[in-house]
Amino acid sequence: MNVIITDSAIALYKKEMPLTEGDSLRLFVRVGGVGSGGFSVGLMQDEPTSTSYKINKQGVTFFVNEDDFWYLDGMTIDYNEDLGYLDFSNPTFDQIDHPNQNK
């Protein structure tokens, strides 16, 4: 399991969610839609379990629970301040419009 959260993304979360040292945030997936549907990534304050994948950066623990490992493994979360754009990219999903299109 590998998730990268850039310093700029963490700075945005700390600004928008008024986080303090020692807070924990869970990254989770919400699956929806018809057919291949897709998914969105959410973030909420929560506490990790013993099996959670944890990332400790800038005094905050970001974590993913086992149910969401498959979706988030390999993901990079970055924030471009100039564009005001939070980007969730994952090379595992090379065709995000329709994942089975190239098979």
Side-chain angles (χ1 to χ4, degrees):
M1 176 76 197
N2 183 39
V3 176
I4 297 168
I5 305 171
T6 66
D7 289 339
S8 59
I10 293 170
L12 174 70
Y13 288 132
K14 288 175 100 173
K15 175 184 168 190
E16 295 294 321
M17 299 180 76
L19 300 171
T20 59
E21 180 124 0
D23 282 344
S24 296
L25 296 173
R26 177 168 61 101
L27 294 159
F28 64 93
V29 171
R30 186 173 300 141
V31 179
V34 178
S36 63
F39 65 91
S40 59
V41 177
L43 187 77
M44 65 182 279
Q45 287 190 287
D46 199 358
E47 292 298 320
T49 67
S50 61
T51 58
S52 297
Y53 171 77
K54 299 172 197 81
I55 304 160
N56 297 302
K57 287 185 86 173
Q58 296 185 21
V60 177
T61 299
F62 294 84
F63 69 95
V64 179
N65 287 338
E66 288 180 285
D67 290 347
D68 297 320
F69 283 3
W70 182 83
Y71 295 99
L72 298 175
D73 188 27
M75 182 170 283
T76 297
I77 301 169
D78 189 22
Y79 177 66
N80 183 317
E81 190 172 347
D82 291 338
L83 298 175
Y85 181 72
L86 190 60
D87 181 51
F88 297 82
S89 61
N90 191 334
T92 303
F93 303 107
D94 60 347
Q95 174 39 270
I96 62 172
D97 295 329
H98 193 289
N100 294 322
Q101 180 174 332
N102 295 329
K103 290 185 177 183

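Residues take their numbers from the sequence shown, with the count starting at 1.
- Counting only residues at least two apart or in different chains, salt bridge (charged side-chain N to carboxylate O under 4.0 Å, His left out) contacts with residues 19-28 comprise R26-D46.
- You'll find the side chain of T61 stays beyond 4.5 Å of the side chain of L25, heavy atoms only.
- Note: the hydrophobic cluster containing F69 does not contain M44 (ILVMFWY, side chain heavy atoms under 4.5 Å, direct or indirect links).
- Taking CG from N56 and OG from S24, the interatomic distance works out to 8.0 Å, rounded to the nearest 0.5 Å.
- Between the CG atom in L12 and the CG atom in N80 there is a gap of 11.0 Å [rounded to 0.5 Å].
- Contact check for Y79 versus Y85: no side-chain heavy atoms found under the 4.5 Å cut-off.
- The side chain to side chain donor-acceptor pair (under 3.5 Å) search around S52 returns T49, N65, not counting sequence neighbours.
- To the nearest 0.5 Å, the span separating CD1 on I77 from CD1 on I5 amounts to 4.5 Å.
- A single hydrophobic cluster is not seen to contain both F28 and I4; linkage of ILVMFWY side chains at heavy-atom distances under 4.5 Å, directly or through other members, places them apart.
- Considering only heavy atoms from C-beta on, V64 stays 4.5 Å or farther from K54 through its side chain.
- The hydrophobic cluster around F63 extends to none of the other residues, as no ILVMFWY side-chain heavy atom falls under 4.5 Å of it.
- Applying the side chain to side chain donor-acceptor pair (under 3.5 Å) rule to T76 yields no partners; only residues at least two apart in sequence or on another chain are considered.
- Here I10 contributes atom CD1 and Q58 contributes atom CD; the two are 4.5 Å apart, rounded to the nearest 0.5 Å.
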Next item on the list: Please step through side chain to side chain contact (heavy atoms under 4.5 Å, CB included) for the pair F62 and Y13, ending with a clear verdict.
Entry: CA-CA 11 Å; F62 294 84; Y13 288 132; 3.9 Å; yes

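- Across N90 and Y71, no two heavy atoms sit closer than the pair ND2-O, 3.3 Å.
- Applying the salt bridge (charged side-chain N to carboxylate O under 4.0 Å, His left out) rule to pairs touching residues 66-89 yields nothing, sequence neighbours excluded.
- Sorted by first then second residue, the salt bridge (charged side-chain N to carboxylate O under 4.0 Å, His left out) pairs that include residues 1-17, not counting sequence neighbours, are D7-K57.
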